[in-house]
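Just below is one structure, and these are the notes that go with it.
Just so you know, ligand 1 is whichever comes first in the structure, and atom 1 is the first atom listed for that ligand. All values below were derived from every heavy atom in this structure, side-chain atoms included, with hydrogens, water molecules and symmetry-related copies excluded.
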Amino acid sequence: MAANGNGDFSFSNTAAAARKGLTKIQTTANGGGAGGKKQSPICHDDSAKPVKAQTIDELHSLQRKRSAPTTPITGAQSSFAPVSEEERQKQQLQSISASLASLTRETGPRVVKGDPARKSETPTVSQDTSHYFTPSIAVSDSALKFTHVLYNLSPAELYEQAIKYEKGSFITSSGALATLSGAKTGRSPRDKRVVKDVTTEDELWWGKGSPNIEMDEQTFLVNRERAVDYLNSLEKVYVNDQFLNWDPKNRIKVRIVSARAYHSLFMHNMCIRPTPEELENFGTPDFTIYNAGQFPCNRYTHYMTSSTSIDLNLARREMVILGTQYAGEMKKGLFSVMHYLMPKRQILSLHSGCNMGKDGDVALFFGLSGTGKTTLSTDHNRYLIGDDEHCWSEEGVSNIEGGCYAKCIDLSREKEPDIWNAIKFGAVVENVVFEEHTREVDYSDKSVTENTRAAYPIEYIPNAKIPCVGPHPKNVILLACDAFGVLPPVSKLSLAQTMYHFISGYTALVAGTEDGVKEPRATFSACFGAAFIMLHPTKYAAMLAEKMQKQGATGWLVNTGWSGGSYGSGNRIKLPYTRKIIDAIHSGSLLEASYKKTEVFGLEIPTEVEGVPSEILDPVNTWSDKKAYKDTLLKLAELFKNNFETFTDYKIGEDNKLTEEILAAGPNY
Ligand SMILES: Nc1ncnc2c1ncn2[C@@H]1O[C@H](COP(=O)(O)OP(=O)(O)O)[C@@H](O)[C@H]1O
Ligand SMILES: C=C(OP(=O)(O)O)C(=O)O
Ligand SMILES: [Ca+2]
Ligand SMILES: [Mn+2]
């Protein structure tokens, strides 16, 4: 650097560049920046109007208009607001303080809205501190402390929080927020606990095969207190007040209290976002999540078998998360809650994707993780209702969520343009690897995990159906990723077969794709989502049978897995072929095709599907070793049979007829 004699400094290479004759950048309207005045080599411009601020602080205060959502209640009077502005502010903070209250001390913390770090920046904003709720009995030091609440922040604010305070947060080249979920990069079903009390003891599915591992009320309270104390010990917490279920009659209000901006943005994307008016009148939540994911549970606590615990208390309408930062835990935790609440109202909750054609024909896509719910429900020619969690009521279908959570391993712009384009500003991408300088994500990189994910609001998909509701389904598609390669790419199912496969919930994935070829492992997960159901699988199955029968829906089994041999010798069925099959289901043309029945599983398979080579429709054709095919087929049939044994004692529906039909709809050999 060199002084130029005018008290200004210039980099010598800048001066050198100027000498070489680089065009000077014109900065004023008349182009006379240099004018006739004496100029330093650096371009000066004194003719522009000065900024309307006397100090830097004032300048900064000009930049931002005070508005929602840090203080979601603005001066604007809502016509239907029954209480004064001040009173509502107070009630809202009281509600948040009540959520964060210690149960033993019976007091809520002093809560104040706003980022503690922002205080000095905004000296004129005293409103932040003038509205706090303080308990009348203060019994410990924690009662002297404020808990700063960042309430329903916007994506932009959450980006800033994440980037400033959470290591591993970066903006990708497409504008998404890249983040790390820490040690856990997937759900921890074995660490899920459900409070067994006098009610849930009878209502819920317990024991073998059930995802509900019991804990008692007292232990729940111990973990709750642990989470609440942890959250209150922080400088600030994030609070999201949002909705679940697009069916307005069955909408649930949820509050998520978390320690990370990542978690707040994730839930902002995944739950239904309230309008400012809806937020003003939010009131008390129906369900609250305390996510203290960074903080482990105490392994000396009864029922704890690791330092991770996801605890559900239906009576208290609360969930506590300790020891895992994987955000999917919150989304799927709430799904479990819906799997309890909705059937009580005669509404079927479904682990399925859902879309609708131009003529209003609705399809459901059931399937376990990685089978294609998100990929196949996101279809450029159809309206997306949702990718993962739905309700089927007397009126039709409704999405539970407000966003999608796509797997992004090997994501490509060509094959999945809609998902690719949704990964933009506001989207959260978890555990992906990006190029250090350009911030371009390498979707093929599994260095952190194979389960890389993107969470984005559903309206990021161009043909999303908003509101996310639709009429009764016409097609019910069961997706199985069969790594054995023996299930046909598509079969038409009878109602009994649909129930048999729905209750079985089969998929087979490969254990690890890196360490050479491994045996595919069969997974049976009742209702294609045993990890999330709360009641016995036959309860959901009976409801599905009743609804499908009443609406005349057709069931289909689609193998999105292997063809031409098992994993290792065959190949995964090409996505464009699966899409063609799905197209034929939607259009109704597949219903008109001619069919033949397969041996062992007794599946009806079409002889032709437009755009799909006919020889792949019957898997036996694609195996060079016919004996290996038959052996593998029988092996899979045996696995189905063994799995179904636990269900043979249960009655499905009103009479035994359907039950018997379902039992007969399994493999026969
Ligand atoms: N034939 C196919 N059908 C569906 N998905 C396929 C197929 N071949 C490969 N895939 C890939 O499998 C994955 C399916 O995952 P996803 O749609 O997220 O499943 P889910 O939503 O059921 O968990 C995607 O990464 C998709 O690109
Ligand atoms: C987020 C999940 O859903 P899916 O894999 O079905 O998309 C999950 O199962 O954790
Ligand atoms: Ca899943
Ligand atoms: Mn999905």
Side-chain angles (χ1 to χ4, degrees), residues 186-187 266 269-270 327-328 331-332 335 350-355 363-379 384-390 399-401 403-420 422-423 429-430 432 443-446 449-456 458 461 477-483 485 487-490 505-510 513 523 525 527-529 531-532 556-564 567 570-585 609 611-613 616-617 619 622:
R187 282 180 295 103
F266 176 89
N269 290 350
M270 294 310 300
K331 160 200 156 64
K332 280 293 181 6
F335 189 36
L350 318 158
H351 187 212
S352 76
C354 180
N355 66 18
L364 295 176
F365 298 83
F366 285 98
L368 290 169
S369 190
T371 55
K373 295 183 298 299
T374 302
T375 307
L376 299 170
S377 57
T378 310
D379 180 334
L384 177 65
I385 292 179
D387 80 321
D388 199 53
E389 307 176 5
H390 291 84
N399 188 355
I400 290 174
E401 303 180 289
C404 302
Y405 194 31
K407 265 184 175 299
C408 38
I409 201 69
D410 294 326
L411 182 72
S412 81
R413 189 201 292 264
E414 295 69 39
K415 282 191 210 145
E416 287 159 81
D418 286 344
I419 295 175
W420 179 278
I423 305 179
V429 278
E430 293 172 338
V432 295
Y443 288 111
S444 69
D445 197 319
K446 300 173 184 169
T449 176
E450 166 132 18
N451 188 31
T452 55
R453 292 271 183 167
Y456 45 87
I458 189 159
I461 298 296
I477 302 167
L478 311 182
L479 304 171
C481 178
D482 175 30
L487 288 184
V490 59
Y506 163 74
T507 201
L509 296 167
V510 283
T513 41
T523 312
S525 178
C527 309
F528 291 103
F532 325 115
W556 305 87
L557 181 64
V558 170
N559 174 12
T560 62
W562 268 252
S563 171
Y567 174 79
N571 288 301
R572 192 155 180 192
I573 295 166
K574 289 188 173 64
L575 183 54
Y577 290 159
T578 302
R579 287 207 189 273
K580 284 284 178 202
I581 287 167
I582 301 289
D583 287 347
I585 293 173
V609 179
V612 182
I616 74 162
L617 295 174
T622 65

Item to check | Interfacing atoms of ligand 1 (cut-off 4.0 Å, heavy-atom, Thr375) | outcome: 14 (C), 15 (O), 16 (P), 17 (O), 24 (C), 26 (C)

Checklist entry - Nearest non-hydrogen atom to atom 12 (O) of ligand 1 belongs to which of Arg453, Lys407, Arg572? => result Arg572

Checklist entry - Does some non-hydrogen atom of Gly367 fall short of 4.0 Å from ligand 1? => result no

Next on the checklist: Over 60° means perpendicular and under 30° means parallel, so tell me whether Phe532 and Phe335 are parallel, tilted or perpendicular.
Outcome noted: tilted

Next on the checklist: Pairs of nitrogen or oxygen atoms closer than 3.5 Å, one from Gly370 and one from ligand 1: do any exist?
Outcome noted: yes

Checklist entry - Regarding Glu389 and Tyr405, is there a side-chain donor-to-acceptor distance under 3.5 Å anywhere? => result no

Next on the checklist: I need the atoms of ligand 1 closer than 4.0 Å to a non-hydrogen atom of Leu368, numbered in the order shown.
Outcome noted: 22 (O)

Item to check | Thr371 contact mode with ligand 1 (heavy-atom cut-off under 4.0 Å) | outcome: both

Item to check | Gly372 N/O under 3.5 Å from ligand 1 N/O | outcome: yes

Checklist outcome for this item: For Ala422, the side chain to side chain contact (heavy atoms under 4.5 Å, CB included) test, sequence neighbours excluded, returns Tyr456, Tyr460, Ile461

Checklist entry - Which atoms of ligand 1 are found less than 4.0 Å from any heavy atom of Ile573? => result 1 (N), 2 (C), 8 (N)

Next on the checklist: With a heavy-atom distance limit of 4.0 Å, tell me whether Lys415 approaches ligand 1 through its side chain, its backbone, both, or neither.
Outcome noted: neither

Next on the checklist: At a threshold of 2.8 Å, where the distance has to be below it, does the Mn ion (ligand 4) have an N, O or S atom of Ser369 nearby?
Outcome noted: no

Checklist entry - Between Lys331 and Asp388, is there a salt bridge with N-O shorter than 4.0 Å? => result yes

Checklist entry - Do the non-hydrogen side-chain atoms of His390 and Ile385 ever get within less than 4.5 Å of each other? => result yes

Item to check | Side chains of Thr374 and Ile419 in contact at under 4.5 Å (non-hydrogen atoms) | outcome: yes

Checklist entry - So between Lys574, Arg579, His351, Glu416, whose heavy atom ends up nearest atom 27 (O) of ligand 1? => result Glu416

Item to check | Asp387-ligand 1 polar pair, N/O distance under 3.5 Å | outcome: no

Next on the checklist: Run the side chain to side chain contact (heavy atoms under 4.5 Å, CB included) test against Asn269 and tell me which residues pass, sequence neighbours left out.
Outcome noted: Leu265, Val428, Pro457

Checklist entry - Which atoms form the tightest heavy-atom contact between Ser563 and Ile573, and what is the distance? => result CB-CG1, 3.5 Å

